[in-house]
Amino acid sequence: MAAKKGALLIGDIAHARKEWEECSSLVELKEYPKGTRAEFLKQLSSPSYSNIQIIYRSNDSTSITGPFDAELISHLPPSLEYITHNGAGYDNIDIPACTSRGIQVSSTPIAVNEATADVAIFLMLGALRRITVPFQAVRQGQWRGKSFGLGHDPKGKVLGILGMGGIGQAVATRAKAFGMTIQYHNRNQLSDSEAQGAKYVSFDELLATSDVLSLNLALNKSTRHIISTAEFAKMKKGITIVNTARGPIIDEAALVQAFKDGKVFSAGLDVFEEEPKIHPGLMEDERVVLLPHIGTATWETQRDMELLVLENLKAAAQGKELLTLVPEQKR
């Protein structure tokens with residue numbers, strides 16, 4: 001009789017523990033709750049991991065094992081076929097290395113859409129009002145603050161969305177309620193039903209004609225620093241930048257310089273190049289609204305994310321297609 005295949009949880013499950021335990025009817029459940037990368041690499045070659053078919057990467061797994069780079073992937077047991085990742089972004093997984101090993105990878109793009117879009121709108125409104133100045137001043141007994149100034153209404157402004165996937169579309173839906181005109185640039189033009197009235201434009205036109213630019217694209221080699229000095233030069237003077245995607249999408253040094261040059265009016269940022277470290281030029285600038293990467297930080301969304309990972313895990317255990325296979329692996 002063949003040994004039962006196993007599923008390995010790296011880190012913890014905080015909101016769907018019961019559902020994880022119920023998966024024991026399909027696979028043998030194993031957990032690696034804490035440790036170092038070196039310890040994990042050593043454990044991967046142990047007999048106890050020889051039947052691992054599926055890995056569940058939790059939100060905190062990178063702090064335990066480090067990134068799933070080519071080195072780590074080369075140490076995964078031969079039995080490993082699937083990595084079900086908890087997160088919409090998966091830049092900490094070497095997808096080509098997984099593909100070459102025949103390992104399929106899933107992420108959680110659907111579950112994060114609404115909460116991340118809410119934070120994008122929160123940041124956009126805060127940045128348009130340059131809310132940092134009065135928000136801090138009133139708690140310090142300074143009422144509006146010495147450097148208080150008027151902001152801008154969203155109504156009548158052009159919102160440019162770079163990356164019109166699920167999150168980008170959710171941002172567009174919300175922004176229309178504020179009377180904004182929506183345009184977008186994407187790898188591929190969307191169908192009319194998906195675009196919901198948003199205008200498809202070239203990347204250069206998006207930069208040149210948007211009053212607000214919302215970044216909602218995945219981080220990879222081609223999108224790292226996709227917004228840098230040359231791109232800021234093409235933008236309208238007085239643009240507002242919103243980033244809820246990944247920090248390295250923006251060249252932060254170039255953003256700081258764009259503020260100094262008067263090109264950028266304000267910015268709302270939930271993600272940073274070297275988080276939790278933030279560029280001093282952004283920390284010191286009251287025109288920037290800062291959040292510590294809380295785009296998906298709600299009880300409901302965190303549970304939905306865990307449940308989606310488990311749905312992918314169950315599909316893998318049953319020999320079915322992963323529900324949310326990463327785009328790079330879709331045929």
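Values in this document were obtained by computation on a predicted structure and should not be read as measured data.
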* Under 3.5 Å, is there a donor-acceptor pair between the side chain of E275 and the main chain of G247? -> no
Please table the atom pairs, donor to acceptor, closer than 3.5 Å between any side-chain atom in residues 153-162 and protein atoms at least two apart or in another chain.
unit_1, atom_1, unit_2, atom_2, d
K157, NZ, D153, O, 2.9

* Structure fact -> Quick note, ring pair (Phe, Tyr, Trp, His ring centres under 6.0 Å) partners involving residues 87-123, not counting sequence neighbours, are none
* Pair listing, salt bridge (Lys or Arg N to Asp or Glu O under 4.0 Å) test, anchored in residues 76-93, at least two apart -> K5-E81, D91-R246
* To do: Keeping to residues at least two apart or across chains, list the side chain to side chain donor-acceptor pair (under 3.5 Å) pairs with something in residues 227-239.
  => D204-K234, D211-K236, S228-D251
* **Pairwise distance CG(L76) to CD1(I83) - rounded to 0.5 angstrom** => 6.0 Å
* Asked: Looking at residues at least two apart in the chain, or sitting in another chain, which of them share a side chain to side chain contact (heavy atoms under 4.5 Å, CB included) with K42?
  -> none
* Structure fact -> Sequence neighbours excluded, the answer for side chain to side chain contact (heavy atoms under 4.5 Å, CB included) partners of V119 is L123, T244, D270, L291
* **With sequence neighbours excluded, residues passing side chain to side chain donor-acceptor pair (under 3.5 Å) with E252** => none
* S106 vs V326, side-chain contact (heavy atoms from CB on, under 4.5 Å): CA-CA, chis, key distance, verdict -> CA-CA 5 Å; S106 65; V326 297; 5.9 Å; no
Show me the side-chain donor-acceptor pairs of residues 315-325 shorter than 3.5 Å, one per line, residues at least two apart or across chains.
unit_1, atom_1, unit_2, atom_2, d
Q318, OE1, K320, NZ, 3.4
T324, OG1, S107, O, 2.6
T324, OG1, N312, ND2, 2.9

* Asked: Do any pairs count as a salt bridge (Lys or Arg N to Asp or Glu O under 4.0 Å) and have a residue in residues 171-193, sequence neighbours left out, and if so which ones?
  -> E114-R174, D118-R174
* **All pairs passing ring pair (Phe, Tyr, Trp, His ring centres under 6.0 Å) where residues 135-177 contributes a residue, at least two apart** => H152-F265
* ring pair (Phe, Tyr, Trp, His ring centres under 6.0 Å) partners of residues 13-36, not counting sequence neighbours, each pair once -> H15-W299, Y32-F40
* Short N-O contact, R287 and D285, less than 4.0 angstrom -> yes
* List in chain and number order the residues that pass side chain to side chain contact (heavy atoms under 4.5 Å, CB included) with A16, two or more places apart in sequence or in another chain; answer none if no residue qualifies. => I13, E19, R303, E306, L307, L310
